[in-house]
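Below is one structure, written out as structure tokens; comments come after it.
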There are 2 protein chains.
Amino acid sequence: MALEHAILVSLLEKPGSGYELARRFDRSIGRFWTATHQQIYRVLNRMEREGLLAVREVPQQGRPDKKEYSVADPGRAALSRWLHEPIEPESLRHDLAVKIRGTAFDDPAALIGEVERHRAAHCDRLAHYLAGELRDFTGPDAPAPLDAGQELQHVVLRGGIAYERMTIAWLDDVLATLHTLGTKASDVAAPQGSTPAPSA
Amino acid sequence: MALEHAILVSLLEKPGSGYELARRFDRSIGRFWTATHQQIYRVLNRMEREGLLAVREVPQQGRPDKKEYSVADPGRAALSRWLHEPIEPESLRHDLAVKIRGTAFDDPAALIGEVERHRAAHCDRLAHYLAGELRDFTGPDAPAPLDAGQELQHVVLRGGIAYERMTIAWLDDVLATLHTLGTKASDVAAPQGSTPAPSA
DNA sequence: CTTGTCTATGCAACGAGTTGCATAGAAAGC
DNA sequence: GCTTTCTATGCAACTCGTTGCATAGACAAG
């Protein structure tokens, strides 16, 4: 279970409540993992039961009390053990790629809007990552010599930036392909079923 | 549920049994999705019950009989409906990125082997994709004018190629970072717990 | 003064995905 | 003769992940 390890890393970087973790996972520049607050609360409870985490009730005023979690020694040991285990290179699950191949059996032009939406979302993320990089690592307000943790966060962020740039370029390629197919529209695989293609 | 849609696309491209689907999902050059045979059999059964697929028992000699699935009209319609729905841009879940950030609380040098292993795996995949591209799309044995389905498969494959190239370059960046941190080893975040760092 | 948003936590139910095991005939290698 | 590998399907049990709902006080906008 990698969520467990992601939580350990995040809590080592900075202790916090389930709510705060959920927001970090949502909005963190390093955005290397996603999880809903439900999942996080459930895993936090389990990890606390197993002694991996320590909890501290923090009373607050003007807002509900919170439970601040931090990593206990067994949690640190568990993380260390995981770091020394080999893991499998991840396998992609890319919905949009499924849609692109699926559009061979539908109207290619109909996918253009969707691809453009995705492209815009990836441009947003890229801008967000670049702003974060400037703020935390390469700008004038960044700490002068970065420590090891910051260097590692930076290299992960560079990965995110490279990913977004690559994806945007690929989506441009996809759009060009869809436009080309749109012009010579009629060589779409003939639908055998309920949705006959209007022959322009 | 995107597995359902991936199965529809794959069966439209070519009908086949659960076993064959599992192998396609495993080894397909387009490798856009992963699933175990268990999951595939279960979903195939459900989709058949729902009338999305048609089955044909195919007796074979020298090997067990198989059930060849193909897409029925309602399945085609379901795919078409899904293609016209917007989907969210996928969110990454990158174990290795978690490990990289986690190594701030451990020995950075210990991760080098792991990262090299991943790099090698991505190089293999890239070689595999490039071979497939040459065979199916750009080489002398490829069909001369590609039809729409092939163009779309090609652009998805180009995405896979771009992803692997980007990843390999990023892993080189990661390795360089880890080596740099290895030389100035002692500014690792001081462990507070059970694993004291050996000061080189 | 009502609606909506933000902080903060959680239950219940469901769906997605994994792991281990079982069956069973054919072929290939040791 | 034995083990392993390949084809082919499936059950059972489990964990992981999502969705909908509930609570509850504080604050801001209309």
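Predicted, not measured: the structure shown is a model, and the values here were computed from it.
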Look up atom [atom1] in [X] and atom [atom2] in [Y], then write down how far apart they are to the nearest 0.5 Å.
X: Gln150(A); Y: Leu157(A); atom1: CD; atom2: CG; value: 12.5 Å
X: Thr34(B); Y: Arg93(A); atom1: OG1; atom2: CZ; value: 3.5 Å
X: Leu111(B); Y: Thr177(B); atom1: CG; atom2: OG1; value: 11.5 Å

Heteroatom pairs (N/O) under 3.5 angstrom, protein to nucleotides 24-29 of chain C:
unit_1, atom_1, unit_2, atom_2, d
dA26(C), O4', Gly62(B), O, 3.4

Let me know the distance between [atom1] of [X] and [atom2] of [N], rounded to the nearest Å.
X: Ile7(B); N: dA16(C); atom1: CD1; atom2: P; result: 11 Å
X: Leu21(A); N: dT7(C); atom1: CG; atom2: C1'; result: 15 Å
X: Leu44(B); N: dG17(C); atom1: CG; atom2: C1'; result: 15 Å
X: Glu88(A); N: dT19(C); atom1: CD; atom2: C1'; result: 15 Å
X: Glu68(A); N: dT7(C); atom1: CD; atom2: C1'; result: 15 Å
X: Arg49(A); N: dG10(C); atom1: CZ; atom2: P; result: 12 Å
X: Asp65(A); N: dG25(D); atom1: CG; atom2: P; result: 12 Å
X: Ile40(B); N: dT9(D); atom1: CD1; atom2: C1'; result: 12 Å

Listed nucleotide nearest any side-chain atom of Lys67(B), set dG10(D), dG10(C), dA8(D):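 Nearest to the side chain of Lys67(B) among the choices is dG10(D).
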
Any Tyr129(B) side-chain heavy atom under 4.5 Å of Leu134(B) side chain: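 Of all side-chain heavy-atom pairs linking Leu134(B) with Tyr129(B), none is under 4.5 Å.
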
Under 4.0 Å: is that the gap between some side-chain N or O of [X] and OP1 or OP2 of [N]?
X: Tyr19(A); N: dT7(C); value: yes
X: Tyr41(B); N: dG10(D); value: no
X: Ser17(B); N: dT9(D); value: yes
X: Arg23(B); N: dT7(D); value: yes

Close aromatic pair by centroid cut-off 6.0 Å: Phe137(B) and His154(B):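 For Phe137(B) and His154(B), the ring centres are under 6.0 Å apart.
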
Base versus backbone protein contacts along nucleotides 12-18 of chain D [heavy-atom cut-off under 4.0 Å; B, S, -]: -B--SBB

Whether Tyr163(B) and Tyr163(A) hold their rings parallel, tilted or perpendicular, with breakpoints at 30° and 60°: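 Tyr163(B) and Tyr163(A): perpendicular rings.
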
Aromatic ring pairing Trp170(B)/His94(B), orientation class (parallel under 30°, perpendicular over 60°, tilted between):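 Judged by the thresholds at 30° and 60°, the geometry between Trp170(B) and His94(B) is perpendicular.
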
Contact summary for Ile100(B) and Val156(A), nearest pair of heavy atoms: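 Scanning both residues, the minimum pair turns out to be CG2-CG2, 3.7 Å.
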
Under 3.5 Å: donor-acceptor pair, side chain of Glu20(B), backbone of Ser17(B):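 A pair under 3.5 Å: yes.
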
